[in-house]
Amino acid sequence: MIKEFRKHRMLFLMMVPSVVYFFLLCYLPMAGTVLAFKSYRFDKGIFGSPWAGLDNFEFFFRSGKALLVTSNTVLYNAAFIVSGLVLQLAVAIVIAEMGGKFVRKAVQSTLLFPFFLSWVVVGAIVYNLFNYDYGYLNVLLKAMGLPPQDFYSSPGWWKYILLFFNNWKYVGYNSLVYLAAIIGIDRSLYEAAAIDGANVFQRIRRITLPLIVPTTVIMVLLSVGNIFRGNFDLFYQLVGTNGLLYDATDVIDTFVFRSLLGSQDIGMSAATGLYQSVVCFVIILVTNAVVRKVQPDYSLF
Amino acid sequence: MAAKKTGLTLLLLVWLAALLAGCAGSKGTTEGEAPQAAPTGSKAEAAASGEAAKPDTSKPVTLKMVLISDGAPDAKLVYDEINKKLQQDINATVDVEFIPFADWQKTYSLKFAAGEDFDLIVTATWGQFADYARKGAFMELTPEMMKTYAPLTLESSGQEVLDAGTVDGKLYALPMNYREISVYGYVVRGDLMDKYGISSIDSLDDFEGYLKAVSENDKDLVPWEATSYDNWIIPHMQLQDLRERYEMGTVGVSVDLATNQIVDATQSDPAALELYKRMQSWNQKGYISKNSLVNKVSSKDSFVNGKSSAFLTNLLDANAAYQTVKTAHPEWDVRFYPINTSNKVVANSYMANGMAINAKSKNAERALMLLDLFKNDAWYNQTTTYGIQGKHWDVSADNKLILLADSPNYPPDGTCPWGWRDERYYLTSQDGLPNFDDVMKSQRDRVYGTPLNDFQPDLEKIKTQQAALSDVASQYQSPLTLGFVKDVDKAYEELLVKRKQAGFDTLLQELQAQIDKYVAG
C-alpha cells in the first residue's frame, strides 16, 4: 500500500482535488438526509429538530399521483436515453466521417449552440412557436388556410415537443464524448479496411461501432442512474403552470415543486429527494449487475 | 449533468446549514438572552427614576436587513443618506439586501435554514408569517424589550396592531401601522367604453358586455389576457367577497362572516358551477386569451402596452397602471371599477406587512431601535418609501405625493418599505385615478371587523393535505376557473373527487376546530 503510494505519488496528488470535492459535496451532505424524518425548526437546526416519523412522505403518496409522476419520469427519461443515444451516435459518426474541416466545424458548432441556451430561453422560444394567438406555427397554419392548433390545451403533442427539444439541446454536446472515442480509434484499422475494399458503411458497422461500445455502455449506465430524476428545468420552463398538460408532462420534480411551493417545508422536499435517491440507487445496482453478467469488462464496478 | 450539479449544490447547502445552525445555535442562545437580561437589570433603575431606561448605544454596529424587492437604481444613494442620520441617532448603519421577487420563497427560507447572519427581515401573512414564527425563525419581542427599545411604537401602534403580530401569545413581529384594504376591480379603457356606449361596469354582466364588444369589433386587441393574478380575482370576488365570506390567508378556505363557519363555496354554492360555465363560454367565444394558462407576460403589462383591452387588479396597482399609461396614451382614458360596491369589506390584517428580527440576530436591541425610528419618524419613513425629498418626490400643498423626474430611479413603495408603512406618513398620489379617493372612502365606510382578521392557522398538522391540495388546485381548479375544459360538469365532479382524495375534509375539520377555539378564546 505504502509502496504503491510512493510509486504513484504524483497520480495520487492529482486525485486529491476530486476526492476532497466528492467528500465535501457528496458524502458529508448525506447526513442531511435525516431531514426527511424530521419536522424542521429554524431555531433547532437539522439535528435538533423533533422527529416526524414517516409524516413527510405521506403527501407524495396521498395525492394519488405518486404512480403517475413516477412512471412519467421513468418513461420520459427512458425515451430521452434511447433517442439521445441513437442521435448522438449518429451525429458523432457523421461528423467523424465528414471530409472538409470547415463543414465539420460549422456543423458541430451549430449542433452545440443550443446547449448554451438556458431552459428559460428555450421556454420562451417554445412559447413563441406554439402559442395560439401569434405563435409562429399557428401564423403559418393560418397563412396556409388551415385551422390553428391549440397546442397548450392538447396534452398529446407534448410528448414529442419535449422529446424534440431535449434532444435538440443536448445532442451536440453529448455527441462530443462519442466523437472523442471515435477519434481515439487507431486510424490504421480504417486504412487496412479501405485497402480491403470496405465501403463507408462497412467500416462504420465493423470498426467504429464495436470499438465504441464500452464508452456507450458507460454513458448509458450513467444516465440510467438518474432515471428517477426529472430534468426540472426542461419540464417547468416548457410546460409551466398549465394544469391541462400535467397528466402528460408531470414528473416527480415538477410535482413536488408545485405541491411544496406554498408551504416551503424542507422536511417534505428532503423526503421526496430521498425517495428518488433510493430508487435510483437500486436501479443502477440492477443495471450494473446485468451488464456485468453479459460483459464483465463493460460494467462500472 | 446540470440536474446532478443542482442536486449537489442543494445538498451542500443543507450540509452547510447543518453546520452553521450548530454553531450559530449555541451562540444564539447566549446572545438571545442578552436583550432580555438587560432590561430586567435596568428595570429597577427605571422604576426608581420613573422613566424608561436609556439604551446603551456606545458601540457602533452595522445591521443587516433583508427585504423582498428587485431593488432600485438609487437604493444605495437613499440608504447612504439614511445611514448618515442613523449613525447620529442610534450609532448604527444598515446594510440592505434585496431578495428578488422571482422565486423569493426559496431564497427566503434558505436565509433561515442556512443560519445566515442578518438582523431584520420583512414578513407578512402572504409570506407565511405565523408558520415561520412557529418554526422558530423570529425572535420573540418581549414587553421589556419593547418598552426599552421601541417606546414610540408602543405609543403609536394600538393593541389591535400588535395583536396581529402575535402568534400563540408571543409577539414575533411589528406589523405595519396601516389598515390596508385590497380593493379589487376591473381596469378598462374609457375610449372603448365610449365607442361601444357602455356607461359603467358594475357587474360581471357589464364586464362580459365590454369584452364582447371588444372581441367583435377590435380584432387586433386581445379582450382579456387573464394571467395568474386576474384568474384568482374573479372566483375570489364572486364566491367570497360578494357573498359576505372571508377568505383566510393562503389556505384557500373561506368563512361566513356572520357565523364564523367555514363555507366550502366550490362544492355547496351553486354559484360556483354557474361561474365556471360562464368562464367556459367566455373562453370559447375568445374573450379570454387561449394563452392565459401559460403566458409569462402579465395581464397588466399586456394592457399597458396596448395589446389587450382589460385586466383585473387591486386599486393601488390600477393606480400605478393609470399613471404609466397617462403620459404615453392619454386618449385611452383608463378607468377603474371596483367589484365590491355594496357588500361588507374585510380589511387586511395589520400583518399584511410587517418586520421581524431574526432569532439569531446579535444586535436585536439596535435592530428594534431602528424599526422604532423607521416606523415613527416621518423623515425615515418617507425617505425609505419615496426616496430623497426634492430629488425623487415632493409634497403638494394639499398633502399629496408629487413624483419628480428622478422618481423612476426610486419608485414609491418600490424597495419594500411596506413592513413599516404608517397611516400618518403614507401619501396618496396627486395625479392618480380620479375616483381613487371615492373608491377608498366607500370601502372604508363598509369595513367589517371580524375576529378572524388576525387568526393565524397552525398548518403543521395539515401540511400533508395542504401540499396535496395545492397540486389539485393547480391541475384541476385553475383550468376550470378560466374555462379551459370541454365538459364543465365532468371537470367539476373530478375536481371535487380529487379534492376529497387529497384530504380536503380533514383540512376543513382541523381548521374549523382551530377557528372555534380562537373565536371562543
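Residue numbers start from 1 in every chain, and the chains themselves are labelled A, B, ... in the order their sequence lines are given, proteins ahead of strands.
Around the NZ atom of B/K170, the shell of radius 6.0 Å holds no more than 12 heavy atoms that belong to other residues, nucleotides or ligands. Counting non-hydrogen atoms of other residues, nucleotides and ligands closer than 6.0 Å to CH2 of A/W157 gives a total of 12 or fewer. Annotation for A/F113: atom CZ does not count as buried by contact number, only 12 or fewer foreign heavy atoms lying within 6.0 Å. For A/Y27, the OH atom sits in a loose shell: 12 or fewer heavy atoms of surrounding residues, nucleotides or ligands are nearer than 6.0 Å. The number of heavy atoms from other shown groups lying within 6.0 Å of NZ (B/K111) is above 12. No more than 12 heavy atoms of other residues, nucleotides or ligands lie within 6.0 Å of CG in A/L67, so this atom counts as exposed by the packing criterion.
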Could you walk me through whether A/K44 and B/K135 pass the side chain to side chain contact (heavy atoms under 4.5 Å, CB included) check?
-> CA-CA 9 Å; A/K44 301 213 168 108; B/K135 283 182 182 164; over 6 Å; no
Kindly determine whether A/D265 and B/K463 satisfy salt bridge (Lys or Arg N to Asp or Glu O under 4.0 Å), including the steps that lead there.
-> CA-CA 8 Å; A/D265 196 285; B/K463 63 180 185 182; 3.3 Å; yes
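Of the N and O atoms on the side chains of B/S289 and A/Y132, not one donor lies less than 3.5 Å from an acceptor on the other residue.
For B/A137, the parts lying near chain A are the backbone and the side chain together; criterion is any non-hydrogen pair under 4.5 Å. With a 4.5 angstrom heavy-atom cutoff, A/N131 touches chain B via backbone and side-chain atoms both. When heavy atoms are compared at a cutoff of 4.5 Å, B/Q477 does not approach chain A at all. Looking at A/V239, the atoms closer than 4.5 Å to chain B (heavy atoms on both sides) all sit in the backbone: N, CA, C or O.
A donor-acceptor contact shorter than 3.5 Å is absent between the side chain of A/D43 and the backbone of B/A359. A donor-acceptor pair under 3.5 Å is formed between the side chain of B/S470 and the backbone N or O of A/R258. When atom types are taken as modelled, the side chain of A/R41 and the backbone of B/R134 share a donor-acceptor pair closer than 3.5 angstrom.
How far OG of A/S153 is from CG of B/N291: 9.0 Å, rounded to the nearest 0.5 Å. Distance CD/B/E460 to CG/A/D55: 8.5 Å, rounded to 0.5 Å. From A/K65, atom NZ reaches atom NZ of B/K498 across 8.0 Å, with rounding to the nearest 0.5 Å.
Checking each of A/N242, A/L245, A/L244 against B/P479 for a side-chain contact (heavy atoms from CB on, under 4.5 Å) leaves exactly one that passes, namely A/L244.
Highest contact tally toward chain A, considering only B/Y476, B/F138, B/Y132, is held by B/Y132 [criterion: heavy-atom pairs under 4.5 Å]. Your options are B/S474, B/S478, B/A502, and the one with the most heavy-atom pairs under 4.5 Å with chain A is B/S474. When the candidates A/T241, A/N56, A/D247 are compared by the number of heavy-atom contacts under 4.5 Å with chain B, A/D247 comes out ahead. Among A/Y127, A/F60, A/F255, the residue making the largest number of heavy-atom pairs under 4.5 Å with chain B is A/Y127.
Note: A/F42 and B/F112 have tilted aromatic rings, judged against thresholds of 30 and 60 degrees for the angle between ring planes.
Across all their heavy atoms, B/A113 and A/Y40 have their closest contact at CA-OH, 3.5 Å. Nearest approach of A/Y152 to B/V294, heavy atoms of both residues: CD2-CG1, 3.3 Å.
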